Amino acid sequence: MEHPLYITNSLTRTKEQFIPINSPFVGMYVCGPTVYGSPHLGHARPYTTFDILSRYLRHLGYKVRYVRNITDVGHLENDADEGEDKIAKKARLEQLEPMEIVELYTSQFHDAMRALNNNHVSIEPRASGHIIEQVEMIKKIIANGYAYESNGSVYLDVVKYNVDYPYGELSGRVVEELLAGAGNEKRELEGQEEKRNAPDFALWKKASLEHIMRWPSPWSDGFPGWHIECSAMSAKYLGTTFDIHGGGMDLLFPHHEGEIAQSKSCNGVSPVKYWMHNNMITINGQKMGKSLGNFINLEQFFDGSHPLLLQAYNGMTIRFFLMQAHYRSPLDFSNEGLQAAEKALQRIMNSVDLIEKLKPADSSTVDVSSISNACYAAMNDDMNTAIVISHLFEMVRIVNSAYAGTEKVTSDDIESLRKLSNTFVFEILGLQNEKEQSSASETDGLMQLIISMRATARNNKDFATSDKIRDELLKLNIRLKDEKDTVTWVKE
RNA sequence: GGUCCUGUGGCCGAGUGGUUAGGCUCAGCUCUGCAAAAGCUGCUACAGCGGUUCAAGUCCGCUCGGGACCUCCA
């Protein structure tokens, strides 16, 4: 490809050039949400990050299959209720069927992703729909000698695995230390007595009597272990070795390490060429997460209902807020940051609209192509969207200046600007212009009428009337702009 | 305790050893009936100490601070 893309591979901890296994095809898997709660701001980060990656790969000409799963089989909780399925527990609390809960939160997740414009996935497989594949995979791992059954549950034998393969290659964990239980002195982990060794993890769990979500298997009526779904579904849709696996940094261990161990012990090959991890969103410097109870739901951002929010923020503002930081840096939530993002985004969108109103000149005083090149360079450098945006503001300056008459653009320049904004603002960064919704022509006709009436008042120096029109419109979130010899309006 | 990340100007945040990131805020100017918008200009930086180097925010060491993972988590 003309523009070599470099990405940070967590496996090697270095920036590597991205070279697909079977160009032009690219397989990409991202760990989806566990749908037992409303999606929160933390969810926005990985799905936005990898949405942009998939967009960029497609833009570069690759045929991308992007798989993002839904985890709806529930996992063990290690608090009071031993061995109880999270989803089943929630169901009892709300007196709903487990699958009703799953449906509700899946739907909420989709709504939130739509607002963030993150719905460009190719396949969204559900764990509950792939029990057979998971069972088959477990059978094979047992046959290969890397797993054992114990009291109806099946565990991966990490010690045995570690003899043939290096366990911990992704996370840097050392089996000897895990065996010694370093750091776990104060923890009471569930199901330890069934395991041969502490680092072993469940591939299949026997369901207790009160456990509602359960499926038959050769070992027991039960449910799959946490890591096996991703291994089974990624292998099914992307093959036993695929290009990119993404997710939050908090999944690096044990989840992704477990995936590697399962896949290798089943298929004998490394499942993933490039592992990518986004950093966490923090609030007051601390990770925003379910377990800490300090998260803000995306829905609450959209309607501004959370007490920590000074106002509502729409999906595009949140998307832009995320993109102003690099995906591998931690990002701290703040109203100030969101408000700044909202204004900045508005400036970009206003400027994009202005491109269509530019008058071409015979000569040019600007250099649009260098902006485009700089944007590509930034994307190629581990998807540095923050830098892309900084260059887009140079585009904003050029457009605004050209409109104001302090810069000159040729018709070729205008075409380049149009292409630049279409490519980067909309296609790659996936931003949407949210103002263009209402029945355009009718509203525009009404506005022209109002604007001309106000112009008459102004010509008569009847500023009381003209200001009233402007102020009342502003209350309806319509802002008038008195420019040199014309008046324009924007909906806010 | 182990592994790893991190500390940038009023705020948010980029930064591959050598030239202005960018945004938001604030101040001044231009435009304007006024305002808004837009343009121009300006403002305050690299936690501390020491080292390597012709040159360090950018590499190394130490100190202090913050965080992640080691348990369900995006």
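First the proteins, then the strands, lettered A, B, ... as listed; each starts at 1. These numbers were taken from a predicted model, which means no experiment stands behind them.
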Visitor: Contact class for A/Met249 (heavy atom, under 4.0 Å): base, sugar-phosphate, or nothing?
Guide: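 Counting heavy atoms under 4.0 Å across all strands, no contact is made by A/Met249.
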Visitor: What does A/Ala325 touch in the nucleic acid at a heavy-atom separation under 4.0 angstrom: a base, only the sugar-phosphate, or nothing?
Guide: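 Since only primed, P, OP1 and OP2 atoms lie under 4.0 Å of A/Ala325, the category is sugar-phosphate.
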Visitor: Considering Watson-Crick and G-U wobble pairs with both distances under 3.5 Å, what does B/G7 pair with?
Guide: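 Looking at the geometry, B/G7 pairs with B/C64.
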Visitor: Reckon A/His277 touches a base, only the sugar-phosphate, or nothing at all at heavy-atom distances under 4.0 Å?
Guide: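 It contacts nothing in the nucleic acid.
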Visitor: Considering every strand and a 4.0 Å limit on heavy-atom distances, what is the contact class for A/Leu251: base, sugar-phosphate, or nothing?
Guide: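 Result for A/Leu251 = sugar-phosphate.
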Visitor: Mind checking A/Ile281 for me? I need base, sugar-phosphate or nothing, with any heavy atom below 4.0 Å counting as a touch.
Guide: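 Here A/Ile281 touches the bases of the nucleic acid.
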Visitor: Considering just the side-chain nitrogens and oxygens of A/Arg458, establish if one lies under 4.0 Å of OP1 or OP2 belonging to B/A35.
Guide: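 Checking A/Arg458 against B/A35: no side-chain N or O falls below 4.0 Å of OP1 or OP2.
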Visitor: Which whole number of Å gives the distance between the P atom of B/G39 and that of B/G23?
Guide: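 That atom pair is separated by 9 Å.
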Visitor: Can you tell me the pairing partner of B/U53 across any strand shown, Watson-Crick or G-U wobble, with both distances under 3.5 angstrom?
Guide: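 Paired with no nucleotide.
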Visitor: Indicate whether any N or O donor in one side chain lies under 3.5 Å from an N or O acceptor in the other, for A/Glu194 and A/Tyr155.
Guide: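 Yes.
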Visitor: Can you label the angle between the A/His40 ring and the A/Phe295 ring as parallel, tilted or perpendicular, going by 30° and 60°?
Guide: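 Judged by the thresholds at 30° and 60°, the geometry between A/His40 and A/Phe295 is tilted.
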Visitor: Would A/Tyr403 count as stacked on B/A38 if the rule is ring centres under 5.5 Å and plane angle under 30°?
Guide: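 Stacking between A/Tyr403 and B/A38: absent.
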Visitor: Looking at B/C26, which nucleotide sits across from it as a Watson-Crick or G-U wobble partner, both distances under 3.5 angstrom, or is there none?
Guide: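 Result: B/G42.
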Visitor: OP1 or OP2 of B/C5 less than 4.0 angstrom from a side-chain nitrogen or oxygen of A/Asn279, does that happen here?
Guide: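 Looking at the OP1 and OP2 atoms of B/C5, neither is under 4.0 Å from any side-chain N or O of A/Asn279.
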Visitor: If you look at every strand shown and take non-hydrogen atoms under 4.0 Å, does A/Arg470 touch a base, only sugar-phosphate, or nothing?
Guide: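 Result for A/Arg470 = base.
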Visitor: Among A/Thr385, A/Ile318, A/Leu345, which one satisfies side-chain contact (heavy atoms from CB on, under 4.5 Å) with A/Met323?
Guide: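 Of A/Thr385, A/Ile318, A/Leu345, side-chain contact (heavy atoms from CB on, under 4.5 Å) with A/Met323 is met by A/Thr385 alone.
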Visitor: Could you check whether A/Gly42 gets within reach of a base, just the sugar-phosphate, or nothing at all, counting any heavy atom under 4.0 Å?
Guide: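 Base, at least one base heavy atom under 4.0 Å.
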Visitor: When all nucleic acid strands are considered with a 4.0 Å heavy-atom cut-off, which category describes A/Ser466: base, sugar-phosphate, or nothing?
Guide: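 Here A/Ser466 touches the bases of the nucleic acid.
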Visitor: Just verifying a value: how many Å separate A/Leu429 CG and A/Arg319 CZ, rounded to the nearest 0.5 Å?
Guide: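 A/Leu429 atom CG to A/Arg319 atom CZ measures 7.5 Å (nearest 0.5 Å).
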Visitor: Students often get this wrong, so: under 4.0 angstrom with heavy atoms, is A/Lys287 touching a base, only sugar-phosphate, or nothing?
Guide: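 Base contact.
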Visitor: At what distance, to the nearest 0.5 angstrom, does OG1 of A/Thr34 lie from CZ of A/Phe109?
Guide: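 Result: 10.5 Å between the selected atoms.
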Visitor: Would you indicate what A/Asp482 reaches in the nucleic acid, counting non-hydrogen atoms under 4.0 angstrom: base, sugar-phosphate, or nothing?
Guide: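 Base: the residue A/Asp482, judged by heavy atoms under 4.0 Å, touches a nucleobase.
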Visitor: What is the nucleic acid contact for A/Arg173, judged by heavy atoms within less than 4.0 Å: base, sugar-phosphate only, or nothing?
Guide: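 If one applies the 4.0 Å heavy-atom cut-off, A/Arg173 turns out to touch a base.
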Visitor: Under 4.0 Å between any heavy atoms, over every strand shown, what does A/Phe393 touch: base, sugar-phosphate, or nothing? Just pick one.
Guide: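 A/Phe393: backbone/sugar contact only, no base atoms under 4.0 Å.
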Visitor: Within the 4.0 Å heavy-atom criterion, would you say A/Asp332 contacts the bases, only the backbone, or no part of the nucleic acid?
Guide: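 Answer is sugar-phosphate: A/Asp332 comes under 4.0 Å of backbone atoms only.
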Visitor: On RNA chain B, does the nearest nucleotide to A/Glu336 precede the nearest nucleotide to A/Lys481 from the 5' side, or the other way round? Give the residue.
Guide: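 Residue closer to the 5' terminus by nearest nucleotide: A/Glu336.
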Visitor: Suppose you measure atom P in B/U52 against the same atom in B/G13; what distance do you get, rounded to whole Å?
Guide: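 So the two P atoms sit 35 Å from each other.
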Visitor: Look at the side-chain N and O atoms of A/Ser171 and state whether any lies under 4.0 Å from the OP1 or OP2 oxygen of B/C4.
Guide: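 For A/Ser171, the contact criterion (side-chain N or O under 4.0 Å from OP1 or OP2 of B/C4) is not met.
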Visitor: So what's B/U16 paired with, Watson-Crick or G-U wobble, going by both distances under 3.5 Å?
Guide: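 Checking every strand shown, B/U16 finds no partner, since no pair has both distances under 3.5 Å.
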